[in-house]
Amino acid sequence: MAFDLDEIFIKDLDISFAFEIGMRTILMFAFVLLLLRLSGKKGVRQLSIFEVAIIIALGSAAGDPMFDKESAILPSLLVFGFILLFYRIITYIASKSEKFESVLEGNAIYIIEDGMFTLHKGEHTFAKDEFFAEMRVQGIEHTGQVKTAILETNGQISFFFYEDDDVKPGLPVLPKPYSKKSREITEPGLYACTSCAHVQQLKAPGDCDRCNEDEWVKSEDSKRIR
Ligand SMILES: [Zn+2]
């Protein structure tokens with residue numbers, strides 16, 4: 001099997017088509033900007049699932065006419081128009097119906113309640129290492145500092161903290177202390193369950209009173225430094 005490098009890298013490209021590509025790209029870029037302004041979104045710090053779907057559809061319609069000789073610009077603009085119309089209709093319905101909105105974008109989910117992971121039935125709804133990273137970004141050392149954490153539908157996490165006097169022992173989320181997790185308990189002390197962040201006194205290996213898992217890390221109780 002031989003590769004035709006001309007076919008792969010160049011095909012119909014010549015100087016005049018290169019200029020055409022430049023013009024097509026500038027035009028499509030301008031139309032994309034215009035469409036995003038018309039969508040009414042102020043910025044894209046975090047996108048909901050629905051918005052990501054819109055962006056993917058938009059990207060495909062915008063990209064082809066930039067370089068594909070066979071693609072004219074007007075059909076792409078029609079796609080833009082329909083996407084915008086669709087977006088406006090859907091967001092309007094979502095603003096009127098909470099039920100529809102939760103089908104479209106999902107619901108906010110409790111991740112931490114009273115300093116412990118909320119026990120969700122069935123599979124995990126979030127990746128723990130990502131969540132730990134998010135906690136560290138917020139300057140949180142262990143779960144005992146957090147009264148409540150909520151995963152918002154746009155992927156951001158809202159944290160609500162205990163007052164200093166109410167901070168309790170919790171599961172450390174910094175990599176070094178967390179990496180000492182083990183099923184072997186050699187010295188008695190307060191241990192945090194790596195699965196649900198419940199803290200209990202242990203003298204020997206044992207199951208978590210709350211979730212029945214058996215992997216532990218020595219708990220921490222440092223206050224939050226603001
Ligand atoms: Zn547990």
Side-chain angles (χ1 to χ4, degrees), residues 44-53 94 98-226:
V44 284
R45 209 177 119 78
Q46 289 282 351
L47 296 171
S48 68
I49 300 285
F50 170 60
E51 286 161 346
V52 171
E98 273 180 33
K99 207 173 201 171
F100 182 76
E101 189 175 19
S102 77
V103 169
L104 189 68
E105 312 222 296
N107 291 312
I109 299 168
Y110 278 85
I111 299 180
I112 290 182
E113 286 169 285
D114 303 322
M116 292 179 288
F117 293 124
T118 305
L119 299 176
H120 293 283
K121 290 177 200 85
E123 80 271 46
H124 287 286
T125 47
F126 66 97
K128 202 175 250 178
D129 52 344
E130 270 178 46
F131 179 61
F132 280 15
E134 186 62 37
M135 286 179 78
R136 295 192 293 268
V137 168
Q138 300 292 335
I140 299 163
E141 272 181 274
H142 63 90
T143 54
Q145 296 173 342
V146 180
K147 187 165 192 285
T148 309
I150 294 175
L151 177 61
E152 307 293 352
T153 54
N154 66 4
Q156 287 184 297
I157 299 167
S158 307
F159 290 100
F160 303 89
F161 298 102
Y162 279 118
E163 293 291 333
D164 276 354
D165 291 345
D166 299 329
V167 168
K168 51 185 195 175
L171 175 69
V173 296
L174 270 58
K176 278 183 186 173
Y178 185 78
S179 70
K180 298 202 176 94
K181 64 185 179 177
S182 172
R183 293 191 161 80
E184 308 300 320
I185 304 295
T186 48
E187 52 179 300
L190 272 183
Y191 286 84
C193 167
T194 58
S195 174
C196 77
H198 172 66
V199 171
Q200 67 189 70
Q201 189 79 37
L202 283 180
K203 295 192 190 102
D207 292 348
C208 171
D209 287 346
R210 183 165 174 254
C211 74
N212 292 325
E213 295 293 326
D214 62 352
E215 193 183 60
W216 303 93
V217 187
K218 272 222 149 134
S219 70
E220 277 181 24
D221 60 1
S222 55
K223 305 243 184 291
R224 186 172 147 77
I225 295 161
R226 290 162 235 246

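All heavy atoms count here, side chains included; hydrogens, waters and symmetry mates do not. Read the numbers this way: they start at 1 and go in the same order the structure lists the ligands and their atoms.
Taking the salt bridge (charged side-chain N to carboxylate O under 4.0 Å, His left out) definition, one finds that Arg183 meets it with Asp214, Glu215, sequence neighbours left out. Judged as a salt bridge (charged side-chain N to carboxylate O under 4.0 Å, His left out), and not counting sequence neighbours, the contacts of Glu51 are Lys41.
Residues Glu152 and Ser158 have side chains that bring a donor and an acceptor to within less than 3.5 angstrom of each other.
Between Ser222 and Gln145 the shortest side-chain heavy-atom distance falls below 4.5 Å. Within the 4.5 Å cutoff, side-chain heavy atoms of Ile111 are placed close to those of Phe117.
Around the Zn ion (ligand 1), protein N, O or S atoms at a distance under 2.8 Å total 4; waters are neither shown nor counted.
For residues 178-216, every residue pair satisfying the ring pair (Phe, Tyr, Trp, His ring centres under 6.0 Å) rule, not counting sequence neighbours, is listed here: Phe132-Tyr178.
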